[in-house]
There are 4 protein chains.
Amino acid sequence: MMVIMKKGYTQDEFDGILRRLGEIGLGGHPIVGVERTVIAVVGHIYPELADELETMPGVEDTVPISVPYKLASRETKPENTVIRIGSVEVGGTSVVVMAGPCAVESDQQVLETARAVKAAGAQILRGGAFKPRTSPYSFRGLEEEGLKYLAAAREETGLPVVTEVMSVRDVELVARYADVLQIGTRNAQNFILLEEVGRAGKPVMLKRGLASTIEDWLLAGEYILNTGNPNVMLCERGIRTFETATRNTVDINAIPLIKQTSHLPVVADPSHGTGKWSLVTPVGLAAIAAGADALIVEVHPNPDRALSDGAQSLNFDRFRMLMEQSALVAKAIGRSVGPVEAAAPA
Amino acid sequence: MMVIMKKGYTQDEFDGILRRLGEIGLGGHPIVGVERTVIAVVGHIYPELADELETMPGVEDTVPISVPYKLASRETKPENTVIRIGSVEVGGTSVVVMAGPCAVESDQQVLETARAVKAAGAQILRGGAFKPRTSPYSFRGLEEEGLKYLAAAREETGLPVVTEVMSVRDVELVARYADVLQIGTRNAQNFILLEEVGRAGKPVMLKRGLASTIEDWLLAGEYILNTGNPNVMLCERGIRTFETATRNTVDINAIPLIKQTSHLPVVADPSHGTGKWSLVTPVGLAAIAAGADALIVEVHPNPDRALSDGAQSLNFDRFRMLMEQSALVAKAIGRSVGPVEAAAPA
Amino acid sequence: MMVIMKKGYTQDEFDGILRRLGEIGLGGHPIVGVERTVIAVVGHIYPELADELETMPGVEDTVPISVPYKLASRETKPENTVIRIGSVEVGGTSVVVMAGPCAVESDQQVLETARAVKAAGAQILRGGAFKPRTSPYSFRGLEEEGLKYLAAAREETGLPVVTEVMSVRDVELVARYADVLQIGTRNAQNFILLEEVGRAGKPVMLKRGLASTIEDWLLAGEYILNTGNPNVMLCERGIRTFETATRNTVDINAIPLIKQTSHLPVVADPSHGTGKWSLVTPVGLAAIAAGADALIVEVHPNPDRALSDGAQSLNFDRFRMLMEQSALVAKAIGRSVGPVEAAAPA
Amino acid sequence: MMVIMKKGYTQDEFDGILRRLGEIGLGGHPIVGVERTVIAVVGHIYPELADELETMPGVEDTVPISVPYKLASRETKPENTVIRIGSVEVGGTSVVVMAGPCAVESDQQVLETARAVKAAGAQILRGGAFKPRTSPYSFRGLEEEGLKYLAAAREETGLPVVTEVMSVRDVELVARYADVLQIGTRNAQNFILLEEVGRAGKPVMLKRGLASTIEDWLLAGEYILNTGNPNVMLCERGIRTFETATRNTVDINAIPLIKQTSHLPVVADPSHGTGKWSLVTPVGLAAIAAGADALIVEVHPNPDRALSDGAQSLNFDRFRMLMEQSALVAKAIGRSVGPVEAAAPA
């Protein structure tokens, strides 16, 4: 950490900083520049230190040097994390597509969708049983009944299931049915839920918060990793900006940036990221080209009769076209989409 | 709701919309304009309808007409909600100041601060026992021990206590000690927590989410009101914008706008809203001038030794000055600050 | 336009709106809904009408129905605009790459870069002679001398030149040397410059403003189109959001959205859009996958000695790799990159 | 400046940085921390240095230490700048109110408004003759005819005139009529215009750009100051955020922050900052409480017939009420509003 002194600081103020650093076992190295004096702080710095020093007289500001996340950093673990979910691998060479309805509505709807997306090459089934809704008057999901429908569809199709858990009180229940636990954007900094989900031992898909910086997001992942659960995938689903022509703004830059700074797999959600079905395919392809390890896409048998987010859902035909184009784009950057053919036994 | 038709829509598409509206018991009134045809939808519209219609062929977009919150709206309840917390009233003529340390650190720290802020005119004691922290490596609060210190300080000073609850599993515990339950910015759309806190029966202070629009925020309040708990106050604590010179951007416009559109009291938090102690007083005064019913301010005996957010805490002297100036600004707009003198008995 | 009446409006207020609409030759169709009364306004609506009506008593709000841009809309002109610059076509099947240094520094630097990017498949040479710089103390470009170097490089390589014009007083000068006039992000709503550049008769590349919505941006394009110049290409170069890990946030959603709503070609600038050379290639590929008609990329012989934006420039080797990968991604979506092979003469 | 080295940098890379710094006459002081090595750069740093160093191998990032503006900084000039415009002083003890119509429409409208706002205590007349409009189809002002009406109103009322100049080609013309030249938000980073206006020698009111950070804004002011013109006032008029319930978001934090970091006077524009007349008074009062030196307010005889921004204009009665309340709030913080009574001659 660097402590930037005010112009015109007094010797007493300067000595006070060094004395405080000494008290807490840190070294302070003054550097007198042309315009500013700076004190470089060396030692094991704790998160509250910046706040403490910024209130001391003579201090203009502090500047962090180290990144605050450790376990999520590629400096800590240079090789990619590959998450195994049954026979599926997220974070490996092949791009994985997760697909299904925004909200689970009926056993028939889930099953029909699961069959269709599997036939098109999807490897994981998504579907919401607990739905966070901005308005208390919206449909909030079938809850455990919905989880059962998802499990039944897995039974038939073999597709593992990713579904959201909204509250610490439901973690145990959802973990009983799901293969991957999803943290939604509105709970992206619900730290107690993050830890509880981490401890459930299943892979976690952590959506980025609407207002989370990339650093906030990696720190949220750190909460999960810190419970001893290494299987965290980060899902870019759009951030909130001034642009209102689309529901959110997909931060495409974040995909390669995270691949460079972290070893965790990155998923992209073009359905929530755009809010318009006509943009899902081009933005999904873009995410693959930018290096995403997986896509998560909303698919519904009849988007115009969906109980949730129909406007951003693909129907089966459009999903098939997305899969075909995804395979071509993945190939262009040296990857594939979908199940890797099993090697013949030796 | 208005359904805007695409240019060049077909008669079939048009008939399809009207047929669908009929099926669900809604009326559709077409208006043929110079550039566009629009269908006005009349009847009891449900939240999912926009999404459903936007996927139908021939539809360009839909436009809502009604506000989606009902209980929070001043149209539903024209008179101000006044919340009684012991002898304190939030939302009445007098501006209430809540003050105390960001994080509870010791019984001594809380008690000393409670005495000082009471002496200066504060009416409610604030302090964090459960602390949401961006990094898992930061100090996260004393939990129940902290709640006990707050209760002890209330015992001695008579100041009611507002403190944050971070998880459904702690609602019962926190409600046992606190007079007002605070929902923090990171849980502003944790809908299950909102309902659980609503059912606890105590007044709730709902902080605005970092990325919550005013409509999102009022809808979050609606979740609490919808449990039958009418005592919701809304706390503007800064939103996330591109500006990084301050921790957040206080949305001063939101204060009078909410006072006009809702009957709920508005609190302003200039400490988190700015992140810098030197800005707390001017922004706090601004909030009063804009119509805030209360301020919540961080005060610490030694801000440079605080375990949390020292850089935004006032020391006792600066808090006294804030209180003196607040009283003058409140008077300028026909209000007062602090306890109203009891009228002499007749 | 829809006029939404306040709840509890009076008959007088209602009549007043209809009378006013009548005075200005517009029709007003009232629709009485369950919660709201709305007046649909039919006729030739002018831009100021919303503001006028919103101040009238009884009016809650107005809602526009038509898009405010006309010439830029695909509804007005369904087929793609293809812009011809010498033998290069922007907006056709082939994706065009524009490349060169951020700032022109010397004749040698420009020429060397022009040769290298041409060899790698670039079709247009970019380079800044007039540089808008946030600080008055930064290098601001070689001005006319820089234009001459660009022209000389065109002379030798045959690559047409795109370069920025910052002021109405320089339009004539820049237009004498350049093949495409660029409007930079800071002048994206400098309406007088837009018109002046439009009248110069050359193709214009209009960068999106840091805070321009897609609608603002199309309206800025409308200023140019309205001068009679049809050759406008829109360049997505990142918007300003709360994320600071990258210089800007590339709005990838905007690329397919504009292709759907407008006939104008879309260019993507991953160099300014990310501010980091290591992100330029993945984000450039993403833009192609999303449907961009062209890329504009900063290339410098020695990025670590560049006078401007070195941190976001590719060196020659990295640019060659970008071109190779671009060709593969373009092919995956049925396009090509670079010069189309001339058909053999019959 | 601090150069942060990557983990695992090589000795060669490290030596390369020091060698480069030596070549350009700067000192480099390495600090080896527990997690990171940092090189503190000492000497006269130029703006391009960060970009250059960030591309060198082994460098993770650079961190600036000094603020990039000099002339605008309070460190350079500790005492407040007070700008004299005729007998009016902006930046002194008294808060100045500038008022008038958004757009000049007729001699009668300007004169009537000038008389009304003067009678209420305004000291400067505002009015737009050149209007930047998002759409090319909106009313763009009366241009020189409008300037003449403003001058005529000054003639009669004695109020100095502030009006916008949109283009370098109009600076001389506008400066002939106006007392203060206004740079609008869309030209806030039109650097050539900033310099041209600076050289005109008249006081300049510089509006903040929609996406300008406080640092960007002070640097834009630096462009004007750097021409030798010390009379720059900074006008906070709202920034663009995700909130759409108001036209812009007034950044109230910016007002005291700039008063602390710069000596330049700060003006607040609650009309454009909110876009709604019902919010103008509370937000205007808030700006005074936060320390603004002046307000600029839109006033129109008949806001519902205004050619521009009627929805945010006050009528004469509401403006009088604003002035009365402003005087009370200003008094509460030890200031006054409006003309200071002339001291009796000795």
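Proteins get letters first, then strands, A, B, ... in listed order; numbering begins at 1 in each.
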A:Asp309, part contacting chain B, at a heavy-atom distance under 4.5 Å: both
Report the option among A:Lys70, A:Glu195, A:Met56 that has the most heavy-atom pairs separated by less than 4.5 Å from atoms of chain B. A:Glu195
Heavy-atom cut-off 4.5 Å, strictly under: side chain, backbone, both or neither for A:Asp170 against chain B? side chain
With only heavy atoms counted, which part of A:Tyr46 is less than 4.5 Å from chain B, the side chain, the backbone, both or neither? neither
Output the option from A:Glu215, A:Arg140, A:Met166 having the highest count of non-hydrogen pairs under 4.5 Å with chain B. A:Arg140
Charged N to carboxylate O under 4.0 angstrom, A:Arg186 versus B:Asp216? no
Taking A:Glu48 for the side chain and A:Ala50 for the main chain, is one N or O donor matched with an acceptor at less than 3.5 Å? no
Below 4.5 Å, heavy atoms only, C-beta onward: do A:Leu264 and A:Leu225 meet side chain to side chain? yes
How close do A:Met5 and A:Tyr9 get, counting heavy atoms only, and between which atoms? CB-CD2, 3.5 Å
Using a 4.5 angstrom heavy-atom cutoff, name the option from A:Asn315, A:Ile192, A:Leu49, A:Leu210 with the most pairs to chain B. A:Ile192
All side-chain contact (heavy atoms from CB on, under 4.5 Å) counterparts of A:Ala103, not counting sequence neighbours: A:Lys131, A:Phe139, A:Ser308
As an exercise, state the distance from CH2 of B:Trp217 to OG1 of B:Thr185, rounded to the nearest 0.5 Å. 9.5 Å
Would you mind checking which part of A:Ser313 comes under 4.5 Å of any heavy atom in chain B, side chain (CB onward), backbone (N, CA, C, O), both or neither? neither
Region of A:Pro68 in contact with chain B, defined by heavy-atom distances below 4.5 Å: backbone
Pairs of donor and acceptor atoms involving the side chains of residues 13-23 of chain B, under 3.5 Å and at least two apart or interchain, shall be tabulated with distances.
unit_1	atom_1	unit_2	atom_2	d
B:Glu13	OE1	B:Thr10	N	3.0
B:Asp15	OD1	B:Gln11	NE2	3.1
B:Arg20	NH1	A:Asp304	O	3.0

When A:Glu222, A:Lys276, A:Glu54 are compared by non-hydrogen pairs under 4.5 Å with chain B, the top option: A:Glu222
Quick one: which of A:Arg169, A:Arg133, A:Gln312 has the most heavy-atom pairs under 4.5 Å with chain B, could you say? A:Arg133
Examine whether an atom of A:Asn190 lies under 4.5 Å from a heavy atom of chain B, and if so say whether it belongs to the side chain, the backbone or both; otherwise answer neither. both
Considering only heavy atoms, which portion of B:Thr241 lies under 4.5 Å from any heavy atom of chain A: side chain, backbone, both, or neither? neither
Side chain B:Ser106, main chain B:Gln109, donor-acceptor under 3.5 Å: yes
